[in-house]
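In what follows, a structure is listed as structure tokens, so that the remarks can point back to it.
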Amino acid sequence: MVYQGKNHVVMITWSEKAKLSIMEILNEKKTTDIVVIDKLEEAPIDDDNVYYVKGDPSKVEILDKANVLEAKSVCLFASDYPVDVTAEDGKVLLIASTIKQMAKMKNTDPYIVCEILDEDHINNGHADWVDDYILSHKPFSKLIAATALSEK
């Protein structure tokens, strides 16, 4: 699937928090299009406003299929049961940096929100890649939904 719309919300990595965040967004603004990127065989949610792109979100061609550069916001989630917290946060930050590099080449600036598991992984070195960090242990779904729909 290739999504061609604009001003949508992209959710990367399917998790329970991603599911709850999608429900919050759709409850707030039913007309918002949401594109989920994950490696699951089938779309994890069935809704007219939710689209699914299957693949590795660290790959530019997969991010292009979700039209991330035209998104209102991009929300990156950690897995539900990460084996290695450092590796999980590293994966999230790698994807965020990939999106920002793509955006720089096309002169766009999608708003990027990242779930981070370890507060020590938040530092000024990532300030250019991420617009908002949300620590996993904080009240999450309502916060990420509100942040995704906020004005820049």
Side-chain angles (χ1 to χ4, degrees), residues 1 3 8-29 32-47 49-104 108-150 152:
M1 194 228 60
Y3 181 81
H8 54 296
V9 176
V10 177
M11 301 283 189
I12 298 176
T13 305
W14 183 253
S15 68
E16 189 62 28
K17 289 176 186 164
K19 176 183 172 185
L20 294 172
S21 298
I22 289 170
M23 297 308 194
E24 288 289 334
I25 289 170
L26 293 175
N27 282 337
E28 285 288 316
K29 204 168 182 182
T32 301
D33 281 352
I34 299 171
V35 179
V36 176
I37 303 175
D38 198 276
K39 296 178 185 177
L40 299 171
E41 287 301 318
E42 296 181 14
I45 191 167
D46 183 23
D47 186 280
N49 289 85
V50 179
Y51 302 85
Y52 181 61
V53 173
K54 180 181 182 241
D56 181 348
S58 69
K59 306 292 185 194
V60 170
E61 59 271 11
I62 298 301
L63 295 168
D64 278 339
K65 286 183 178 181
N67 202 16
V68 294
L69 298 182
E70 297 291 339
K72 175 181 180 69
S73 59
V74 180
C75 305
L76 293 99
F77 294 86
S79 302
D80 279 331
Y81 304 103
V83 175
D84 181 338
V85 169
T86 300
E88 193 70 23
D89 283 350
K91 177 189 81 173
V92 166
L93 294 170
L94 169 69
I95 296 166
S97 70
T98 301
I99 295 167
K100 283 297 184 176
Q101 277 300 103
M102 292 170 63
K104 187 176 180 181
T108 63
D109 190 25
Y111 190 79
I112 297 181
V113 182
C114 290
E115 174 187 9
I116 296 296
L117 300 172
D118 184 339
E119 190 167 6
D120 290 339
H121 296 152
I122 299 172
N123 66 44
N124 291 335
H126 303 113
D128 291 341
W129 307 338
V130 178
D131 297 296
D132 266 317
Y133 293 96
I134 298 177
L135 289 170
S136 188
H137 61 275
K138 302 254 179 171
F140 191 87
S141 299
K142 285 188 185 256
L143 182 57
I144 202 162
T147 302
L149 293 173
S150 70
K152 287 186 182 180

Return yes when atom [atom1] of [X] has more than 12 non-hydrogen atoms of other residues, nucleotides or ligands closer than 6.0 Å, and no otherwise.
X: D46; atom1: CG; value: no
X: E41; atom1: CD; value: no
X: K65; atom1: NZ; value: no

Are the side chain of [X] and the backbone of [Y] linked by a donor-acceptor contact shorter than 3.5 Å?
X: D109; Y: A103; answer: no
X: D80; Y: S15; answer: no
X: D89; Y: I116; answer: no
X: D131; Y: I112; answer: yes
X: H8; Y: N67; answer: yes
X: Y52; Y: L40; answer: yes
X: E88; Y: S79; answer: yes

Nearest-0.5 Å distance, CG of residue L20 to CE of residue M23: 8.0 Å

Point-to-point distance, once rounded to the nearest 0.5 Å, from CG of N49 to NZ of K29: 11.5 Å

Do [X] and [Y] have side chains that get closer than 4.5 Å, going by heavy atoms?
X: I12; Y: I99; answer: yes
X: I134; Y: E115; answer: no
X: M11; Y: V50; answer: no
X: K54; Y: I62; answer: no
X: V113; Y: L76; answer: no
X: V9; Y: D33; answer: no
X: L69; Y: M102; answer: yes

Work out which heavy atom in [X] is nearest to a heavy atom in [Y]; give both atom names and the distance.
X: I37; Y: G55; result: CG2-O, 4.0 Å
X: Y3; Y: V35; result: CG-CG2, 3.6 Å
X: V130; Y: C114; result: CG2-SG, 3.6 Å
X: S58; Y: T98; result: O-CG2, 4.0 Å
X: C75; Y: A148; result: SG-CB, 3.8 Å
X: V74; Y: A71; result: CG2-CB, 4.1 Å

Chi angles and distances behind the side-chain contact (heavy atoms from CB on, under 4.5 Å) call for Y51, I34: CA-CA 6 Å; Y51 302 85; I34 299 171; over 6 Å; no

Chi angles and distances behind the side-chain contact (heavy atoms from CB on, under 4.5 Å) call for K19, W14: CA-CA 7 Å; K19 176 183 172 185; W14 183 253; 3.4 Å; yes

CA sep, side-chain torsions, deciding dist, call: V36, I22, side-chain contact (heavy atoms from CB on, under 4.5 Å): CA-CA 9 Å; V36 176; I22 289 170; 3.7 Å; yes

Residues D56 and K91 bridged, charged N to O under 4.0 Å: no

side-chain contact (heavy atoms from CB on, under 4.5 Å) between V10 and L63, worked out: CA-CA 9 Å; V10 177; L63 295 168; over 6 Å; no

